[in-house]
Every structure is written in C-alpha cells, then in structure tokens.
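Data first, discussion second: the structure below is written as structure tokens.
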Amino acid sequence: MTRKHQRLIGLLAAGVVLGVAATLVFQALDDTLVFFYSPTQAAERQFRPGEAIRLGGLVKAESVQHSDDSLKVWFVVTDGANDVTVTYDGILPDLFRDEQGVVAEGSFLPDGTFAATEVLARHDENYMPKEVAEALREQGLFVGEDGEKSY
C-alpha cells in the first residue's frame, strides 16, 4: 500500500469519526436549542427542579401580584391549555402587563412554581416572538393584528 493510499484511508477515517461526533453532539443539544417552552410543553416534559429553561406564553389577566415590602412579584403564564405560576424578585420590564407575551428564564421549584431569574416582555405593539405566536395559534388563542382571534 502506498503512502498516498494510507493518507486517503486516514482522512476517510477521520471524516467518519468527525461525522459521528457531530451527530452525537447535535442530538444531545436538540432539546436545549428551543427558545422557550410553553406551559403545556413544560408539563409534558416534567423538568427537574433546578433545571434552567425558558418559559413563554401570555401573562394571565389579573394574575399579577406585588409584594408590599419587596420587589417580589407573582404572576401566571398561560398558553390557554395550562397555567404556570411564576415568581420573580426584581424589576419587571416597562412593557410587562396582563395578556401580553412574556418569556421568563429560570427553573421550576419542587412545588411546581417557576422561579424566574429574568423576565422578558415584548418590545412594541406589533411584535410577538414567532414561537409564542405559534404556540398560541396551536391552542387557538392567537390574536392577530386586526384584534380577531385566529382559530
């Protein structure tokens, strides 16, 4: 076998090993590449307490409660089918309000409450993250620009 053949076999073997390694990495990262999980998806996945995720949906109407002596806030995130109670200790974004899109970063507590470390709200009148709109559309709750619900 010539040196040229040995090099070719070596390159092919390295290519196969690299391909297998890349496939394994992408399969392992598949679940973590999601921008956020809706309350329904989170209930189906049953995340471990302390596992960092993003939870997204709408702030349920009249669910926001503020602590009298601290910055602690409680509110409910819904996708129409399931609700998750969220706690957050900090200043909420200016655009945070009832029935608006929200994404909260944090983890579930053992009691099923979501402890947020960061809360993100939509940034203008016409914007809703694509993933939030799709999750709401799947539940039949998406409200379009004309104010009509899309079923």
Side-chain angles (χ1 to χ4, degrees), residues 11 13-151:
L11 285 173
V16 169
V17 169
L18 186 61
V20 169
T23 301
L24 292 174
V25 167
F26 284 122
Q27 285 179 346
L29 292 176
D30 187 38
D31 288 339
T32 60
L33 294 177
V34 175
F35 180 70
F36 74 90
Y37 295 94
S38 70
T40 298
Q41 292 168 331
E44 290 169 357
R45 288 282 316 265
Q46 298 179 349
F47 291 99
R48 294 183 319 271
E51 186 177 350
I53 67 163
R54 290 181 175 156
L55 179 73
L58 294 178
V59 177
K60 192 170 186 175
E62 300 178 14
S63 70
V64 181
Q65 299 174 1
H66 296 270
S67 173
D68 292 334
D69 58 353
S70 70
L71 294 175
K72 194 158 191 157
V73 178
W74 297 267
F75 58 94
V76 176
V77 173
T78 186
D79 62 5
N82 287 300
D83 298 343
V84 174
T85 301
V86 177
T87 63
Y88 178 64
D89 195 1
I91 299 172
L92 292 169
D94 290 338
L95 297 175
F96 178 90
R97 60 185 175 273
D98 287 352
E99 300 182 343
Q100 295 296 317
V102 66
V103 175
E105 296 182 20
S107 60
F108 281 98
L109 300 173
D111 67 358
T113 302
F114 189 80
T117 55
E118 185 174 4
V119 174
L120 309 166
R122 67 184 216 178
H123 74 290
D124 72 28
E125 295 275 330
N126 299 317
Y127 175 76
M128 179 177 293
K130 178 181 174 187
E131 294 86 357
V132 173
E134 287 174 0
L136 293 173
R137 190 173 286 118
E138 287 174 9
Q139 300 297 321
L141 297 173
F142 179 74
V143 178
E145 290 181 23
D146 57 1
E148 294 293 318
K149 284 191 175 182
S150 301
Y151 294 99

What pairs with Gln46 under side chain to side chain contact (heavy atoms under 4.5 Å, CB included), at least two apart in sequence or on another chain?
none

Sorted by chain and number, sequence neighbours left out, side chain to side chain contact (heavy atoms under 4.5 Å, CB included) with Ser67 holds for Asp69, Ser70, Lys72, Trp74

Evaluate the criterion side-chain contact (heavy atoms from CB on, under 4.5 Å) for residue pair Asn82 and Thr78; output intermediate values, then yes/no.
CA-CA 6 Å; Asn82 287 300; Thr78 186; over 6 Å; no

Please tabulate, one pair per line, all N/O donor-acceptor pairs under 3.5 Å involving side-chain atoms of residues 107-114, not counting sequence neighbours.
from   : atom 1 : to     : atom 2 : distance (Å)
Asp111 : OD1    : Thr113 : N      : 2.9
Asp111 : OD1    : Thr113 : OG1    : 3.1
Asp111 : OD2    : Thr113 : OG1    : 3.4

Assess the residue pair Glu99 and Leu58 against the criterion (side-chain contact (heavy atoms from CB on, under 4.5 Å)); give the C-alpha distance rounded to whole Å, side-chain angles, the decisive distance to 0.1 Å, and a yes or no.
CA-CA 5 Å; Glu99 300 182 343; Leu58 294 178; 5.7 Å; no

Which residues pass the side chain to side chain donor-acceptor pair (under 3.5 Å) test with Asp98, not counting sequence neighbours?
none

Residues in side chain to side chain donor-acceptor pair (under 3.5 Å) contact with Glu105, at least two apart in sequence or another chain:
Arg54

Residue set satisfying salt bridge (charged side-chain N to carboxylate O under 4.0 Å, His left out) with Asp83, at least two apart, ordered chain then number -> Lys60

Quick one: list whatever passes salt bridge (charged side-chain N to carboxylate O under 4.0 Å, His left out) with Glu44, sequence neighbours left out.
none

Rounded distance [0.5 Å steps], CG in Leu55 versus CZ in Phe47
9.0 Å

Value for CG (Leu71) from CG (Asp89), rounded to nearest 0.5 Å, stands at 6.0 Å

Take Val59 and Val76 through the side-chain contact (heavy atoms from CB on, under 4.5 Å) test and state the conclusion after the steps.
CA-CA 6 Å; Val59 177; Val76 176; over 6 Å; no

Sorted by first residue and then second, give each ring pair (Phe, Tyr, Trp, His ring centres under 6.0 Å) pair with at least one member in residues 80-106; sequence neighbours left out.
Phe75-Phe96

Passes side-chain contact (heavy atoms from CB on, under 4.5 Å), Thr87 versus Val73? Steps please.
CA-CA 6 Å; Thr87 63; Val73 178; over 6 Å; no

If every non-hydrogen atom of Gly56 is compared with every non-hydrogen atom of Pro39, which pair is closest and at what distance?
O-CD, 3.4 Å

Search all heavy atoms of Ala116 against all heavy atoms of Val119 and return the closest pair with its distance.
CB-CG2, 4.1 Å

Can you establish whether the number of heavy atoms outside Glu51 located under 6.0 Å from its atom CD is more than 12?
yes

